[in-house]
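Some notes on the structure that comes next.
As the structure is a computational prediction, the values presented were derived from the model and not from experiment.
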Amino acid sequence: MPDYSVYITVNNKTSETLTNGQETHPHSEWVNFPTTIVPNQIISFQLKESFRRWFTGSSGTFSYDIIDQAENNRRITTFESKFQAPFSDPNTVTLSSGTLPPVYTASYRASVKDKQHWKDNQVDLSGHPVYVEFTLDYARKKRYKFKLMKVTAVSAHPVRNTRTPSALIVGDHVLWDTTNSSDYKDGRYGSYDPNVFAYTLGSSVPDNSSLNVTIRPLSLELSKAEVIVIGTIGGKEVFKSDFFSFEGPNVDVTVSVHVVEPNTSDKPFSINDDVDWGVRLRPASSWESLEAEGEYITRLELYWVAKTVHRALASYIPVNFLRLVVKSEYYQPKQSNLAADHSIWNTIMTWEAFYRYSKFYDTNVGEVLVKMPFLNNYFPHAGVSHFNLWIWGGYFHATRYAAPGGDAFGFNERAVNCMDQAAVVELSCTFGEKATSWLTIQPFGYINQTHLVGWIDQANVYVEVNNPFFAGNNQLANLPRDDPQRQPFGCHVFNAESRAWAANTRYGHDRPLLSASEQHAQLVDAVVASSVHPAKFFNWTRLQTWLQEALGNRWVVEYSDVSVGKEATQSFFKVCDSDNRDAMVTVSVDAYSPINEYGELILEGCSSAAKRHVRDLLMSAQRTAHGRLDFGRVTRLWTLIVLVSGHTVIDIRGLTSSDSLLPHALKLFHQTSHRDVSALILPKLEQKAPFIVGSQLASLSEGKIIVHGIYTRFTVIFTSDRMIATAKAASDGAGVLFDRYVVKDDDDDKGYEVTFFFITHKVECQDVRVVIADAETMISVSHDLVVEVHDTKV
């Protein structure tokens with residue numbers, strides 16, 4: 001029996017869906033007729049002669065709506081065809097492509113009997129069965145040009161970046177600009193212009209994350225075109241704008257772009273990745289495309305944290321601390337790990353601080369005498385913070401704690417104690433919405449069996465500890481309860497989600513305090529001291545240069561930090577042998593300059609402060625009588641060498657023994673000292689009138705500097721008779737933020753000029769202190785200002 005069927009194949013080469021399939025069959029029957037054909041699908045079906053009406057042949061029609069799913073299923077047009085393979089009349093195929101917009105092209109080819117001979121867009125008049133292949137495709141692609149010009153945002157919290165010198169990111173700022181596109185990427189770590197969004201956990205991320213992206217259309221055809229900006233990461237759409245129209249070629253348009261993935265988050269998070277920016281036409285199609293001219297991939301570093309952060313971070317958040325703490329993925333706590341009143345975020349931060357930050361607990365016996373700020377007396381204190389903290393708190397060096405070493409943040413300075421860990425937990429928890437308290441117990445007593453951060457055995461299992469000062473010898477970490485070698489904590493600092501409280505009583509255990517010489521004999525390999533001829537440490541602005549000059553070109557500065565306070569200046573440098581990255585030397589230089597109530601330098605106090613610092617170093621040294629420190633799978637013997645001269649102390653440590661370290665230490669010492677030394681004096685620091693960059697928004701009134709407007713940038717200029725090594729400014733609140741400083745020769749040849757750059761942040765009256773350090777002696781001097789911020793610009 002002859003086959004009068006029509007065998008149909010539809011090849012949908014578009015990215016649109018063909019849906020709402022409709023068909024007719026006057027005296028035929030459809031077999032497997034599809035009502036929907038998805039993008040890039042090839043599908044076959046059949047129209048056959050009805051068994052009720054033999055020898056009539058087959059005839060029918062079909063049609064589909066073309067749907068743009070990216071446009072919320074908006075109907076574009078209808079694609080339809082008619083065909084028949086009758087018994088007596090000629091074969092016919094009709095394709096109604098005239099209703100299609102110019103975006104698309106529709107065609108068919110047909111064959112009869114054996115599918116061996118095909119004809120394009122026509123069919124033989126006779127012969128059965130009939131085979132028809134329909135193709136829906138895009139017309140020849142047209143490509144238009146655009147250029148990515150700029151990406152900006154408003155940072156809800158001030159951030160200090162890692163440039164040299166570092167800059168303060170606050171308010172409206174540029175994340176990327178085509179005119180200097182290579183200046184924004186911070187190596188492999190992120191961006192020099194990070195942005196922080198204030199975020200309420202669980203709320204809409206798109207509503208709390210607006211970037212401003214500037215696009216320049218280059219093609220004339222884009223005039224009045226309706227488009228959307230898309231930002232993808234790894235092929236996934238993460239940023240998207242609303243639709244907007246170009247006014248004409250070379251006319252820049254700035255649009256708001258929001259994060260669309262994730263839509264919400266129950267914890268702070270970050271995006272730190274390369275973003276591929278594109279522009280898509282409306283309606284979306286593959287026959288027309290916009291291609292970027294020039295660079296279109298930008299590195300963006302974005303953070304979502306609580307609207308209110310810890311007061312210690314109110315002036316700025318170090319970007320490396322954000323990189324350490326606020327990540328895209330975290331440890332996921334089990335519900336059984338959570339107390340009823342504990343937040344998930346705080347649990348995560350506690351876990352991360354213990355397991356993820358590359359730290360290990362300093363188990364060395366360390367006792368120092370510390371002066372209580374509220375009592376004019378010294379008290380014994382065990383366990384010295386490596387980041388400038390005491391049991392009542394202090395100014396935590398968050399930047400140094402999080403400094404990168406290799407590919408890991410926090411790997412630079414690894415030793416910590418309970419105060420350091422408590423500070424990190426308290427600061428990181430505040431990025432969520434449930435703050436913690438700083439709790440102190442003194443005396444604390446012996447500890448129950450527990451684990452200490454970083455201490456694992458050769459099998460990578462955490463060591464059980466009930467003797468915290470086991471000095472790196474795992475055999476002494478867990479002792480019988482009454483063992484005489486077991487030592488208690490003199491005090492302990494920890495966190496809780498409750499009101500802060502502190503118990504300060506007499507020091508708990510009765511082991512006598514060792515003298516500095518006894519500590520030296522037990523803990524230190526070598527001390528080189530100059531007591532006859534005080535050293536002169538000169539030109540501190542060239543520290544990185546003379547470190548390499550002393551040690552050789554093979555040595556590189558991997559990390560550096562210089563800070564100055566009212567009565568002390570400190571520099572820290574980590575240098576590595578470029579041929580052997582495990583060969584490390586750390587150099588810490590402290591110079592003291594205490595002043596009396598009249599602002600005069602106390603010469604005898606300079607030497608006394610340096611001696612106290614030496615004693616603290618000797619009693620908290622990372623050196624053990626047992627000769628090894630085990631942390632991770634690394635075993636290293638640390639050696640400490642202290643160079644002392646007058647008001648200055650150089651602490652040099654590293655390598656594997658005193659024999660290998662001592663030559664390097666002596667080279668550094670000789671590089672920076674000689675005997676021809678003048679008397680220590682305070683530099684002179686005199687203020688010029690305040691000057692506002694770009695506007696007249698500041699004035700002096702009754703000794704106050706009056707500044708108008710939030711995010712107003714202003715400068716204050718000082719002159720000094722001495723070369724300036726470093727400078728800093730700090731305020732007693734968040735109303736005025738210190739950005740940076742610049743030093744140059746005074747135009748009047750009267751010395752040196754230092755310009756302090758500030759940014760207003762809140763309407764407040766602020767006390768601001770500026771400090772500079774002498775480049776030769778590192779003696780510091782300060783000056784106090786009063787700045788009043790008004791809420792409107794004049």
Side-chain angles (χ1 to χ4, degrees), residues 354 359-370 372 378-387 389-392 414-423 439-457 461-495 502-525 612 615-631 635-638 640 653:
F354 191 89
K359 304 301 183 183
F360 68 93
Y361 198 90
D362 186 354
T363 62
N364 292 280
V365 179
E367 288 188 22
V368 295
L369 290 175
V370 297
M372 299 293 182
Y378 287 89
F379 293 86
H381 178 74
V384 178
S385 164
H386 293 261
F387 298 95
L389 295 170
W390 302 107
I391 57 174
W392 55 84
R414 300 190 63 186
V416 294
N417 73 353
C418 60
M419 303 162 206
D420 305 322
Q421 292 295 86
L439 304 182
T440 300
I441 295 179
Q442 185 181 13
F444 184 80
Y446 296 91
I447 62 173
N448 288 323
Q449 193 174 80
T450 187
H451 299 147
L452 295 182
V453 58
W455 286 97
I456 57 179
D457 59 21
V461 176
Y462 272 87
V463 176
E464 297 291 339
V465 179
N466 68 0
N467 176 34
F469 300 116
F470 58 91
N473 184 353
N474 289 350
Q475 295 179 353
L476 299 178
N478 193 26
L479 298 174
R481 184 174 184 181
D482 297 327
D483 193 303
Q485 298 180 86
R486 189 179 174 205
Q487 300 178 69
F489 271 133
C491 65
H492 184 52
V493 174
F494 57 100
N495 306 98
N504 292 295
T505 59
R506 67 180 183 84
Y507 188 65
H509 72 82
D510 58 358
R511 189 168 60 83
L513 185 67
L514 298 180
S515 67
S517 60
E518 289 172 322
Q519 288 284 346
H520 164 232
Q522 291 187 16
L523 301 178
V524 182
D525 284 323
R612 286 196 300 271
R615 181 187 60 200
D616 294 351
L617 284 173
L618 300 182
M619 294 182 180
S620 62
Q622 289 179 281
R623 168 71 168 88
T624 75
H626 303 284
R628 57 184 284 170
L629 279 178
D630 293 312
F631 49 94
T635 300
R636 178 174 293 116
L637 172 67
W638 285 92
L640 167 68
R653 50 182 94 191

Minimal heavy-atom distance between Trp455 and Thr363, with the atoms involved, is NE1-CG2, 3.4 Å
At their closest point, which heavy atom of Asp362 faces which heavy atom of Ala415, and how far apart are they? CB-CB, 4.4 Å
Applying side-chain contact (heavy atoms from CB on, under 4.5 Å), name anything that partners [X], two or more places apart in sequence or on another chain.
{"X": "Gln475", "value": "Asn473"}
{"X": "Phe354", "value": "His451, Val453, Tyr462"}
{"X": "Asn466", "value": "Asn478, Leu479, Arg486"}

Calculate, to the nearest 0.5 Å, the distance between atoms CZ and CG belonging to Arg481 and Asn448 respectively. 8.0 Å
At what distance, to the nearest 0.5 angstrom, does CZ of Phe387 lie from CD of Gln421? 9.0 Å
Are side-chain heavy atoms of Asp420 and Leu389 found at a separation under 4.5 Å? yes
